[in-house]
Structure formats: C-alpha cells, structure tokens
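Since the structure comes first, as structure tokens, the remarks are kept for the end.
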Amino acid sequence: MQDAVARYVRDGDVVVIEGFTHLISFAAGHEIIRQHRRDLTLCRLTPDLIYDQMIAAGCAKKLVFSWAGNPGVGSLHAFRRAVEGQTLEIEEYSHFGMVARFSAGAARLPFWTLRDYAGTDLPRANPRIKSVTCPYTGEELATVPALNPDVTIVHAQRADAQGNTQIWGLLGVQKEAAFASQRVIVVVEELVDERVVRSDPNRTLIPATIVSAVVVEPWGAHPSYAQGYYDRDNEFYIGWDTISRESAVLSDYLDEFVYGVRDRAEYMQKQPRLAERLKAGEQRCAGVNYGF
Amino acid sequence: MQDAVARYVRDGDVVVIEGFTHLISFAAGHEIIRQHRRDLTLCRLTPDLIYDQMIAAGCAKKLVFSWAGNPGVGSLHAFRRAVEGQTLEIEEYSHFGMVARFSAGAARLPFWTLRDYAGTDLPRANPRIKSVTCPYTGEELATVPALNPDVTIVHAQRADAQGNTQIWGLLGVQKEAAFASQRVIVVVEELVDERVVRSDPNRTLIPATIVSAVVVEPWGAHPSYAQGYYDRDNEFYIGWDTISRESAVLSDYLDEFVYGVRDRAEYMQKQPRLAERLKAGEQRCAGVNYGF
Amino acid sequence: MMAVVAARELADGEVVFVGIGLPNLACNLARRTHAPNLVLIYESGAVGATPSRLPVSIGDPALVTGSLMVCGMADVFQLFLQNGRIEVGFLGGAQVDRHGNINTTVIGPYARPKVRLPGSGGAAEIAIHAHRILIVSKLSPRAFPERVDFLTSPGQRVAKVITDKGVLERDEASGDLVLAGLYPGIDATEVRAGVGWKLESRARLNQLDPPTTTELHLLREVLDPQRLYLKS
Amino acid sequence: MMAVVAARELADGEVVFVGIGLPNLACNLARRTHAPNLVLIYESGAVGATPSRLPVSIGDPALVTGSLMVCGMADVFQLFLQNGRIEVGFLGGAQVDRHGNINTTVIGPYARPKVRLPGSGGAAEIAIHAHRILIVSKLSPRAFPERVDFLTSPGQRVAKVITDKGVLERDEASGDLVLAGLYPGIDATEVRAGVGWKLESRARLNQLDPPTTTELHLLREVLDPQRLYLKS
C-alpha cells in the first residue's frame with residue numbers, strides 16, 4: 001500500500017475512494033494521510049468517515065459529493081467545521097448526478113444526460129449542472145459533466161495478481177469510477193489464482209487492463225465492510241460522532257490509529273478483538289455451470 | 001408459451017427477441033409464427049435465423065437491426081430476398097447504436113449520446129441518427145433515439161415463479177431490452193425456488209417487478225444455446241444456409257418444424273438425438289460467501 | 001404511531017424506495033401485516049431485501065444477503081427510478097415547506113451556511129421520479145417553515161406528510177399542504193402550532209385509529225426490540 | 001500466410017478486439033508464439049478468452065468458459081471501445097477503397113441494393129475507436145475499388161491491409177493505401193492487378209518471411225486442424 005500510494009497518488013490529484021457503505025478503502029485513506037498528500041480534490045457520493053478523516057488531516061482542498069453525513073448516525077463534524085468555516089471548497093450534486101458523472105467519465109463522453117433537478121435549487125448552487133435539448137422530442141434535460149479522476153482506489157473481495165477484480169454484494173459505482181480513472185489501485189481482501197477468476201468470469205467487475213496496482217490488505221475496509229469477509233463496524237460509526245465533534249479528540253484519534261501505525265496489519269494488531277467481533281458468518285451460494 | 005404469446009404479443013407490435021448468439025428464444029419466435037402475428041416491427045442487433053424464419057413466415061413489416069447475417073456462415077437469405085425485393089422496411093444502425101437505443105429506452109431517456117458515425121454513410125441511410133452539442137465542451141456527438149418495444153422476450157437459464165431472472169455467460173443487451181419494454185416475457189430452462197435466486201442475488205439480471213409472464217421451456221433457445229445447459233448447434237446454423245436459399249425449401253422447414261409441432265416439447269421429440277449431441281458438460285464454479 | 005400510519009399507507013405489491021429509520025420500520029411492519037408482497041428497493045442496489053436484522057445503514061450487508069437482486073447504482077437510478085418503476089418513495093428532511101418542498105442541504109444561505117446538512121443524496125431524484133412521496137417528519141415551526149431555505153427536493157409528488165401528531169396531505173387545487181387526519185387525542189390546534197404557516201384543513205378530518213396490539217407487538221418486540229428508531 | 005502476417009503484427013500485452021475467422025486464428029497464433037499476454041476482447045462481452053476450441057461465432061460458449069471477464073454489450077462499447085481501451089481492431093469487408101474505408105453494408109445503391117450485405121455490426125465504432133486497425137482481405141479489383149459503394153467504417157485508423165499477396169499500409173501524407181510488403185515469390189504487379197486504383201508503393205518494399213515450421217504446425221495441427229478457416 002505504501003508503494004502504491006507513493007507511486008500513484010500525487011499532491012493536487014483528483015482522488016476517488018469509492019464504495020457505497022460497502023468496500024470503502026480506509027486503509028488507502030490512512031496511507032494517504034500518513035504520506036501527507038495535500039491539495040487533493042476528493043470525490044465520492046458519500047464522503048463517509050474516511051473523507052472526514054482526510055479533511056481533518058488537511059489532505060483536501062476540495063470535496064465533490066452528493067451526501068455528506070455519517071450514515072445512520074448524523075453529521076460528519078470535520079466536514080461541517082470545514083464548510084461552515086469556509087476552509088474547504090465544495091461542489092455538490094445529488095447521488096444520481098454523481099453516478100452520471102462517473103458513467104460519463106467511464107464511457108469517455110464529456111457529459112451525461114438525466115431527468116433531474118427540475119424545480120430544485122441544486123443548479124443554482126452548482127453551475128456545472130446544465131441542460132441539453134433532445135434532438136428528437138425537443139425536451140430539455142439535465143446534464144452533468146464527466147468526472148475523470150487522476151486516481152481511483154477500489155476495495156474488493158478478491159483479484160488475481162494481474163488485477164482482474166471480483167466483487168459481490170453491493171457494487172456501488174466501483175466499475176464506473178475505475179473505468180473513468182487515469183490510474184486505478186485495487187485493494188483486496190484476498191489474492192487469488194487467475195484460475196479462480198476464470199472459473200466465474202461474470203463476477204469480474206474490473207479487468208486487469210485498466211489496473212495500475214493490486215494491493216493485498218485484509219481488513220483494509222474496516223470500519224466499512226466486505227461481504228463474506230467481515231461485517232460493518234456500526235459501533236465505530238456511532239463512536240465517530242463523539243471523536244469527531246472536537247478537533248483535539250479527532251487529532252488524538254489520527255495520532256493513535258493513523259500516524260501511530262505503520263500499516264493496516266499494525267492497525268489490526270492494536271485492536272485484537274475486532275476480527276473476532278466482526279468476522280462474517282458463512283452463507284455460501286451454490287456455483288453455476290459454465291460448461292457447454 | 002402459447003398463452004404468453006397469445007396474451008402479450010399483438011399484431012403491429014414492436015417486438016424484441018434479444019440474446020447475442022446466446023439465449024435466443026427460438027421457441028417464442030416459432031410460437032409467434034404459429035399464431036400468425038402480422039405487421040410486426042422486429043428489432044434486434046443480429047436478426048439471426050429466428051428473424052429470418054419470422055420474415056419468411058410473413059410476420060414482419062419492418063426490421064430494425066445492426067448486423068443481419070448468419071454468424072460464422074454467411075447470409076440470411078430470407079432477409080436478403082425481402083430487402084433486395086423491397087418487401088421489408090429496414091432501419092439500420094451499428095451494434096453500438098442499437099445498444100445505445102436500448103440503453104436510452106431502459107433509462108427512460110428520449111435519446112442516447114455516443115461517439116460514433118463520424119465519416120460513415122450510416123446517418124445518410126438512417127436520418128434517425130442525429131447529433132447533439134455538448135454543453136461543456138461544444139463538441140458535436142452522435143445520438144440515437146430511445147427504443148421502447150411493446151414486448152421483449154428474453155431467454156434465461158433460470159427464474160423463480162415471480163420472474164426474478166438469473167443469467168450467466170454472455171449477457172448481450174438482455175437487461176436493457178427488458179427494462180426498455182412495456183411487457184416482458186421471460187422464457188427459462190429451469191424454474192427454481194425463490195430461495196435459489198435469493199442465495200446469489202448478484203446473478204439476477206431482471207427483477208420480477210418488470211416481468212409480465214414466465215414460461216418454462218427447456219431447450220427453448222435451440223439452435224442458439226444456454227451456457228451450462230446445452231451447446232450452440234453449429235450444424236444447424238450451417239445447414240440453414242441451404243434451407244433458406246430457396247423459398248420452397250424454407251417453407252417446407254417451417255411446415256415441418258414450426259407449424260408441424262404444437263410446442264417445443266414436440267419439436268425436441270422430433271429430433272431425439274439433439275439433446276444427447278448438445279448437452280453441456282460440467283464446469284461448475286465455486287460459490288461465494290454472502291454472509292456478514 | 002408514525003411508523004404505523006406510514007405502514008398503512010402502503011398497498012400490497014407496491015415497489016417502495018426506502019431509506020433507513022422509520023420508513024424502513026414502516027415497510028417491514030407493512031410486510032408483516034397487510035402487504036406481504038411489498039418490494040423494498042434501497043438506493044444502495046438491494047432489491048427485494050428481507051433483512052434478518054434492523055439495518056443501520058442503507059448499505060447494510062443484511063440487505064444484500066437473501067435479497068432478490070443486487071445491482072449497481074447506475075441501474076438503481078436509471079433503470080428503476082428514472083424509468084418510473086418506483087411507486088412509493090419515503091423522504092424526510094430538516095425543513096418541509098407549505099408546498100411539500102424539502103430541504104436537506106443547508107440552513108441559512110448556501111454560500112455561508114448556518115448549519116450544513118448532508119445534502120440531497122438520492123432525495124432530489126426520488127422526489128422527481130417516485131409516483132407518490134411520503135414524508136415522515138416530526139412537527140415544529142422550525143421544521144415546517146413557510147418556505148425552505150434551500151429547495152433540495154420538489155414537493156409536486158408529495159402525497160402525505162406523516163408527522164407525530166397528524167397527517168398532512170397535498171391539496172391538488174392550491175398545491176399547499178393541508179391537515180387531513182389527526183391521531184387519537186390530538187387537537188387540530190396542536191398540529192397548527194407545529195407549522196410555520198396558516199395551515200388549512202380538509203373539510204372532513206380523518207380520525208386515525210391507534211396502533212393495534214399486533215402492530216405494537218411487531219414494532220416493539222420483533223422489528224425494533226432495541227428501540228433504535230422507536231424513540232417516541 | 002495471411003494469418004501468420006496478421007499474428008506478427010500483434011505486440012505482446014496488447015488489447016485486441018477480435019472477430020471470428022482468420023483474425024481469431026491470427027490472435028491465437030500470436031498468443032502461442034511471441035505474444036502470450038495478448039488480451040482478446042470479443043464484442044459479445046468475453047474479455048481475456050482462451051477458447052478450448054476454435055470458436056465458430058463471436059458468441060461461442062467456449063469464449064465464455066475460462067475467460068477473465070464477461071460483461072454486457074453496453075460495457076463493451078462504452079467502457080472498452082469508446083473509452084479508448086482497445087489497441088488493435090481487426091476488420092474485414094466486401095469492399096476496401098484507396099483510403100482504407102470499408103463497406104460491409106450494400107453493393108449498389110442503399111435504397112435498391114444489388115447485394116445486401118450484413119451491415120456494420122460493431123465495425124463502424126471499431127474503426128473509429130480502436131487505436132490501430134488491421135484489415136484482412138483477399139485481393140481482387142471488386143474487393144478493392146477506388147471508392148466504396150457505401151462507407152460503413154472510415155479508414156483513418158487503418159494501419160495495414162493484410163491481403164493474400166502482400167501488405168498495404170496507409171500513407172500518412174496522402175491518406176492512400178500503398179504497397180508496403182510482398183509475400184515470398186509474389187511480384188508487385190500481381191498485387192496491383194488486384195486493386196482497382198493506381199496503387200503506389202513505398203520507396204522500399206518489405207519482403208515478408210514465409211511462415212516458420214512452428215507457425216505452420218500450430219495453425220494446421222493445433223489451431224485449425226479441420227481447416228475451417230485455413231482454406232488457402
């Protein structure tokens with residue numbers, strides 16, 4: 001992870017760490033904080049705790065997002081302090097708008113068309129939301145511009161050494177974000193033999209041809225989760241509300257759990273009961289026949 | 001199948017039987033021929049033998065397509081006779097154009113944007129290929145209009161009784177065509193318990209909420225194929241070249257194998273060695289863990 | 001009571017776009033009473049979920065395990081929502097105004113917010129595309145101003161606002177929210193006190209039935225035994 | 001010889017959009033000789049296929065079993081092709097003109113065709129988006145007219161035309177196809193006889209090496225033992 005971040009994440013980059021609740025690469029976010037990246041434009045539908053930490057650590061110049069809260073808990077306090085104190089630029093869409101931006105980027109189109117925003121104040125708050133006239137019906141439809149990040153980091157259940165990556169459970173916009181990106185870092189729970197990938201090719205979401213680096217980092221998504229590997233750490237999400245309310249407490253958290261560890265393995269060693277508490281149960285599906 | 005076609009396929013309808021080489025519902029096409037539907041607008045990327053048969057049987061008024069050949073063999077002769085004799089209207093795109101039309105229909109947008117057709121004669125042959133100006137970059141991009149069929153027929157490996165449908169192997173544009181359509185008929189090799197679907201929800205391509213009817217029709221895709229169930233009947237595809245070259249021979253074929261049987265079960269009984277020759281071998285993948 | 005009233009609004013077989021908290025409770029209550037075939041769709045991509053525990057987030061892994069379909073978010077927004085396949089959408093918000101418009105973005109001016117809220121998420125497009133919007137929100141003059149500070153989700157498709165004291169409906173003629181039903185023991189003036197504009201009433205007000213013992217049992221003992229969402 | 005020359009055009013690790021027939025043979029020959037890491041993508045959605053038998057159609061089930069990824073066709077065209085992720089595209093056609101434009105649509109006028117061909121399929125967008133186009137086609141004045149009857153796929157990105165007698169290249173200055181290489185024992189006049197315009201030549205013509213015994217063995221004994229595509 002250290003090498004991948006050192007090599008592929010640069011000061012001033014447009015950075016995406018995607019994953020909708022599921023498969024958020026906290027490990028990558030922490031490494032970016034440890035390596036003191038600055039002036040990043042962080043993009044994500046739901047900034048979640050990881051961007052709250054990165055904002056608090058001073059990595060972010062700008063945030064591009066559609067829902068900035070602590071899901072199921074309340075506010076992201078570092079984010080709120082930064083916005084209310086006007087120390088962070090923001091560019092705001094709805095979820096569909098962000099999904100559409102990634103879709104356009106992935107298809108290498110300059111914009112995406114959607115039926116949205118009529119009657120809302122969002123286009124006034126964000127002039128990049130524009131419109132286009134349908135050449136068939138004459139209707140006016142909303143548009144958003146393509147989002148093509150410099151680097152996208154995707155956590156996944158498994159990949160082979162080349163980077164052919166398989167995901168199950170919630171898929172979010174992982175595929176679109178990866179295809180839209182100049183560089184892609186895939187972080188996986190498990191490195192598997194190419195034969196495992198080839199045995200079930202319909203589960204491959206991201207092909208090796210677009211992947212810059214594969215990092216093996218078990219538990220790399222905690223406190224987010226990886227279906228089939230470990231559960232979401234809801235206690236942590238609830239606890240973050242207290243930690244993040246005061247800058248000083250948040251700072252102590254970063255000192256201990258981010259700056260204070262070298263990597264994810266040390267992070268897990270510090271919390272020996274985590275794995276036991278969150279380890280996934282077994283609910284395995286049957287395979288299907290790919291024969292002919 | 002008889003009931004589903006009687007109820008959901010009407011004279012004059014825009015009809016789609018999709019499936020790219022894989023999972024083409026020949027059983028549905030044959031039932032439409034037997035029920036003497038007329039004036040249909042048949043849409044499909046690759047008309048394949050099934051539309052050649054439907055054109056020969058007089059079901060089609062118009063064909064909307066992107067590649068009209070016998071894949072790996074040569075021409076579709078009934079199609080060629082109809083076009084060269086000007087008895088069939090055509091509306092022609094490229095594959096990407098057809099995919100984009102289904103994508104627009106599925107997203108309930110009036111058009112789809114693509115980078116295509118610059119320097120080609122296709123827009124001259126088809127004035128429905130138009131263009132739009134990007135509101136961000138000023139670029140001119142091609143557009144195609146949405147395709148929203150009256151009825152789409154999708155063959156699949158398995159579904160539950162409600163119509164939650166799972167497909168693996170080649171996916172074609174089955175999902176987009178189904179979501180674009182007013183009515184959807186799903187034809188499956190196997191009816192499975194809802195628990196089978198629920199055990200592996202990432203394999204579900206089409207949800208019951210958009211399905212009008214589920215028909216269980218083993219071997220319903222022959223001479224096309226169903227991954228994990230039976231192989232493509234290449235001999236039939238090669239043989240079709242001879243059958244379809246002469247109207248009279250083609251007519252005899254329809255008499256014997258379409259009009260001459262009541263349903264797919266009878267069609268299979270007429271060809272007792274087919275199942276043995278084409279039955280799929282076993283190449284089953286392992287399941288994945290959906291636990292948490 | 002809010003969860004019970006919301007549950008009763010759902011018809012069997014409907015396709016519902018559902019968030020976390022009370023709407024989720026309401027949907028699961030409806031599924032166990034009069035609407036067993038309700039199809040729950042979460043913006044995270046889980047379709048037909050039957051969660052084995054109360055989900056804490058709309059991305060909870062329990063929504064995935066055993067659901068009918070899991071798809072990417074581009075499909076959720078394009079193929080389900082924009083396509084018009086969602087019949088009912090639940091929304092909440094920091095502010096709901098007299099037209100049913102919702103604000104989940106900022107209190108105060110956008111450029112210099114007094115309070116920065118999470119933003120739209122999927123709320124803008126849910127309000128535009130779901131056939132019928134149900135809002136669940138507690139009454140207070142702050143939460144129900146005459147005009148929202150920021151219009152995140154337009155109110156045209158709002159059918160009902162389910163509050164802690166009664167139910168408001170959107171009057172088609174005026175476009176305004178009006179009082180339509182009262183909970184047992186509540187007076188219309190109590191509802192009016194919680195609304196920042198002069199609230200009109202329907203000619204005939206519904207008196208809503210209290211929760212049945214079955215409903216209460218399901219909510220308290222089965223669906224939310226730890227009272228994560230049943231605070232009142 | 002055409003399959004061998006086409007195979008030699010492919011560099012190891014390249015991402016190739018491949019059709020059925022000779023291009024497929026060429027790719028598999030390259031994979032077994034100098035380019036083991038060639039990634040084959042079929043428009044049917046199979047990525048990184050290593051078919052265990054010679055596929056008869058680009059939708060053959062053998063392309064799916066054991067491939068690295070199978071995706072829908074919307075992804076093939078948007079995420080791979082339009083996105084610019086395809087380095088080499090193979091095309092063929094009933095007519096190839098002096099600019100490398102291809103016709104796979106009609107012979108004669110579009111509205112009253114003399115011969116109706118299959119149409120574009122993916123050829124229009126492959127010609128527009130793949131970085132480098134290789135055309136494989138047998139020489140004849142009919143197949144190589146000065147101007148195509150219908151322009152299905154534009155010629156700008158055509159790098160080479162691999163024929164049964166020699167190789168043409170697109171000259172960047174004039175935009176015309178010119179003779180660049182000859183097969184063993186073939187004379188330039190034989191190539192010119194198969195082309196419907198006055199074919200210019202490169203200043204220095206390549207003399208292409210004949211197939212090696214390894215190449216011939218692989219093609220005849222391993223890749224196409226039934227001679228489905230190796231007719232010449």
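Numbered from 1 within each chain, the chains take letters A, B, ... in sequence-line order.
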Salt bridge flag under 4.0 Å for residues A/Arg284 and B/Asp200
no
Of B/Ser199, B/Ala226, B/Gly169, the largest count of non-hydrogen pairs under 4.5 angstrom with chain A goes to B/Gly169
Heavy-atom side-chain proximity of A/Tyr229 to B/Asn289 below 4.5 angstrom: no
Heavy-atom count check: over 12 atoms from other residues, nucleotides or ligands less than 6.0 Å from B/Glu276 CD? no
Counting heavy-atom pairs under 4.5 Å with chain A, the top scorer among B/Ala107, B/Ala286, B/Cys285, B/Pro135 is B/Cys285
Item to complete: Compare all side-chain heavy atoms of A/Arg115 with those of B/Pro110 and state whether any distance is below 4.5 angstrom.
Response: yes
If one checks every heavy atom of B/Val288 against chain A at 4.5 Å, the contacting part turns out to be both
The interface call for A/Glu139 against chain B, heavy-atom contacts under 4.5 Å, is side chain
What one should report as the nearest heavy-atom pair of A/Phe111 and B/Val132 is CZ-CG1, 4.0 Å
When the 4.5 angstrom heavy-atom criterion is applied to A/Leu141 and chain B, the contacting part is side chain
Is the number of heavy atoms from other residues, nucleotides or ligands within 6.0 Å of CZ (B/Arg124) greater than 12?
no
If one checks every heavy atom of A/Thr137 against chain B at 4.5 Å, the contacting part turns out to be side chain
Review point. Is there a donor-acceptor pair under 3.5 Å between the side chain of B/Tyr136 and the backbone N or O of A/Ala146?
Key: no
Cut-off 4.5 Å, heavy atoms of chain B, and the answer for A/Tyr230 is neither
Counting heavy-atom pairs under 4.5 Å with chain A, the top scorer among B/Asp231, B/Thr133, B/Leu114, B/Asn202 is B/Asn202
Applying a strict 4.5 Å limit to non-hydrogen atoms, the region of A/Arg232 in contact with chain B is neither
Cut-off 4.5 Å, heavy atoms of chain B, and the answer for A/Leu171 is side chain
With chain A, the option among B/Pro145, B/Ala104, B/Ser131 that has the most non-hydrogen atom pairs under 4.5 Å is B/Pro145
Taking every heavy atom of A/Tyr290 against every heavy atom of B/Arg203, the minimum-distance pair comes out as OH-NH1, 3.6 Å
Ranking B/Arg108, B/Lys279, B/Gln157 by heavy-atom pairs under 4.5 Å to chain A gives rank one to B/Arg108
From the list B/Trp168, B/Phe292, B/Tyr225, B/Trp112, the residue making the most non-hydrogen contacts under 4.5 Å with chain A is B/Trp168
Most heavy-atom pairs under 4.5 Å with chain B, out of A/Leu170, A/Ile167, A/Val144, A/Val196, belong to A/Val144
Turns out that what part of A/Arg158 lies under 4.5 Å from chain B's heavy atoms comes down to side chain
